[in-house]
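Counting starts at 1 for both ligands and their atoms, following the listed order.
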Amino acid sequence: MANVLTALQPSGILHIGNYFGAIEPLVQLQNEGHRNVLFCVDYHAITVAQDPTQLRKNMLFAIATYLAAGVDPEKTILFQQSRVSEHTELGWVLNCIASMGELERMTQYKDKARGKGENVSVGLFDYPILMAADILLYDTEIVPIGEDQKQHVELARDLAERFNKRFGQTFVIPKPQIRQQGARIMGLDDPEHKMSKSAASEKNYISLMDDEKTVAKKIASAVTDSESTIVYDVNRKGLANLMTMYSLVTGMTMIEIETMYQGKGYGDFKKGLAQAITDYLKPMQEKINGYLTDEASLKQILDLGAEKAKHLAQTKMKLVREKIGVQL
Ligand code: TYM
């Protein structure tokens, strides 16, 4: 049994990249009997401007989605980051052992800050430190994530090692767990870059809430190439990405998909894929909508989760205060 932890930002939609990159792997680990922690990182989300009313809605939607995806609050500690103030407290302590240079090397920061000049928020720069605190507070051993978060987990490892060396054994060294297939779902309109919630066009992603018509439209307009065969080839990036999604939602291997579409072209393949995605999403959407009708129960689940998380976080933070010498 290992300590598993992951978290997602409650920013608007959740797309199938988020689902296959982080949520599904966490549910699998939960069902294998590991000790799981999952939370909604609202304090990460505010590193870029958020509308408060919308943020609140996004958070409830995110929790409803985790439950619909199979997260069991009896087995997984499910909560909201801002309710456990030890996250920001440990973040401060880690700020004091991390270097500017380390944070300047974070590629996600560089991507997000590009073009913003001096207007970029300090929070956006500091974001990986809060993420390190999220992970280290709970003696996390495994962090299931998509490929884009690997560098952040490596920073958490470095900070844990540095802290332990300076102050004595305090933190467990976490390991990222990145699935082989589905850890980097690419944008439908741009297979060179990952599918992203903040993409300029809605044609970039399949939201977990997209209906049949929307899925069909988005898949029909997905960028592919001028070849006519349905064959998995990493150099045919658009098709490889669509075949990866096909495989994830149906459980079929690439060879099985190739055989199914032998002698057929993109038209048939895209229709089949859109149908397979819809069949996969529909039952989850029904469950999400069901959970959303009962806000009180969602809040109750979050209250209980925060209580359990707080208990663990307080114990770790007490040890940290002792180690650094602020505990009298
Ligand atoms: P976030 O909210 O951007 O993304 C949530 C999870 O989805 C994965 N992901 C993808 N996986 C496959 N293909 C994609 N196109 C794709 N896009 C996103 C991400 O890798 C992530 O696993 N900083 C984190 C949230 C965080 C966190 C943590 C994660 C805060 N504290 C502690 C783990 C542990 C983030 O912004 O993820």
Side-chain angles (χ1 to χ4, degrees), residues 3-27 29 36-48 50 55 58-59 61-62 65-66 69 77 79-82 84 87-88 90-91 94 106-109 111-112 123-124 126-157 159-160 174-199 204-208 237 240-241 244-245 248 309 313:
N3 293 335
V4 177
L5 173 147
T6 202
L8 294 92
Q9 290 196 57
S11 36
I13 60 127
L14 286 168
H15 56 63
I16 57 169
N18 301 131
Y19 178 78
F20 286 111
I23 302 175
E24 193 203 49
L26 181 100
V27 172
L29 289 160
N36 274 18
V37 175
L38 170 65
F39 50 106
C40 204
V41 284
D42 43 4
Y43 277 170
H44 275 96
I46 61 162
T47 54
V48 295
Q50 300 286 340
L55 180 58
N58 292 347
M59 204 116 60
F61 169 70
T65 304
Y66 305 153
I77 301 179
F79 67 106
Q80 184 191 343
Q81 182 190 37
S82 61
V84 182
H87 289 244
T88 40
L90 179 59
L94 296 178
M106 294 292 120
T107 54
Q108 193 169 73
Y109 167 71
D111 287 347
K112 288 194 174 172
L124 196 64
D126 201 30
Y127 171 118
I129 299 289
L130 182 57
M131 178 162 163
D134 292 343
I135 296 169
L136 300 182
L137 266 181
Y138 298 96
D139 287 343
T140 307
E141 293 162 284
I142 299 175
V143 190
I145 38 159
E147 177 74 39
D148 64 309
Q149 296 297 319
K150 186 167 172 234
Q151 196 185 24
H152 292 160
V153 178
E154 280 163 359
L155 176 73
R157 285 172 66 88
L159 294 177
K175 256 201 222 125
Q177 179 175 298
I178 298 171
R179 65 192 299 162
Q180 273 192 333
Q181 204 187 54
R184 192 171 173 81
I185 305 266
M186 309 310 275
L188 298 176
D189 59 349
D190 175 10
E192 297 286 335
H193 295 100
K194 67 161 186 142
M195 183 176 281
S196 168
K197 307 180 236 211
S198 48
N204 173 270
Y205 54 77
I206 301 283
S207 151
L208 296 183
K237 290 191 177 144
N241 189 42
T244 300
M245 284 185 223
L248 288 167

Exercise for the section: Fit a plane to each ring of H87 and F39, take the angle between them on a 0 to 90° scale, and name the class: parallel (under 30°), tilted (30 to 60°) or perpendicular (over 60°). Expected result: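 Ring orientation of H87 relative to F39: perpendicular.
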
Practice task
Go through the steps to decide whether L188 and M245 satisfy the test side-chain contact (heavy atoms from CB on, under 4.5 Å), and finish with yes or no.
Solution key: CA-CA 11 Å; L188 298 176; M245 284 185 223; 3.4 Å; yes

Give a yes/no verdict on whether any heavy atom in [X] is under 4.0 Å from an atom of ligand 1.
| X | value |
| --- | --- |
| G182 | yes |
| H15 | yes |
| Q108 | no |
| Y127 | yes |

Problem - Under 3.5 Å: donor-acceptor pair, side chain of D148, backbone of Q108 - result: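 Such a contact is absent between D148 side chain and Q108 backbone.
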
Closest non-hydrogen protein atom to [atom], residue and atom name please, with distance?
| atom | value |
| --- | --- |
| atom 20 (O) of ligand 1 | D148 OD1, 2.5 Å |
| atom 31 (N) of ligand 1 | D134 OD2, 2.6 Å |
| atom 6 (C) of ligand 1 | A22 CB, 3.7 Å |
| atom 13 (N) of ligand 1 | I185 N, 2.9 Å |

Exercise for the section: Would you check the N or O atoms of V41, main chain and side chain alike, for any that come under 3.5 Å of an N or O of ligand 1? Expected result: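 Between V41 and ligand 1, no N or O pair is found under 3.5 Å apart.
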
Problem - Heteroatom proximity flag, M131 to ligand 1, N/O under 3.5 Å - result: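 There is no such contact.
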
Handout entry: Shortest non-hydrogen separation from M59 to Q80 and the atoms involved
Key =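 That would be CE-NE2, 3.6 Å.
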
Handout entry: Which atom of A132 lies closest to which atom of L159, heavy atoms considered
Key =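 Of all heavy-atom pairs spanning A132 and L159, the closest is CB-CD1, 4.0 Å.
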
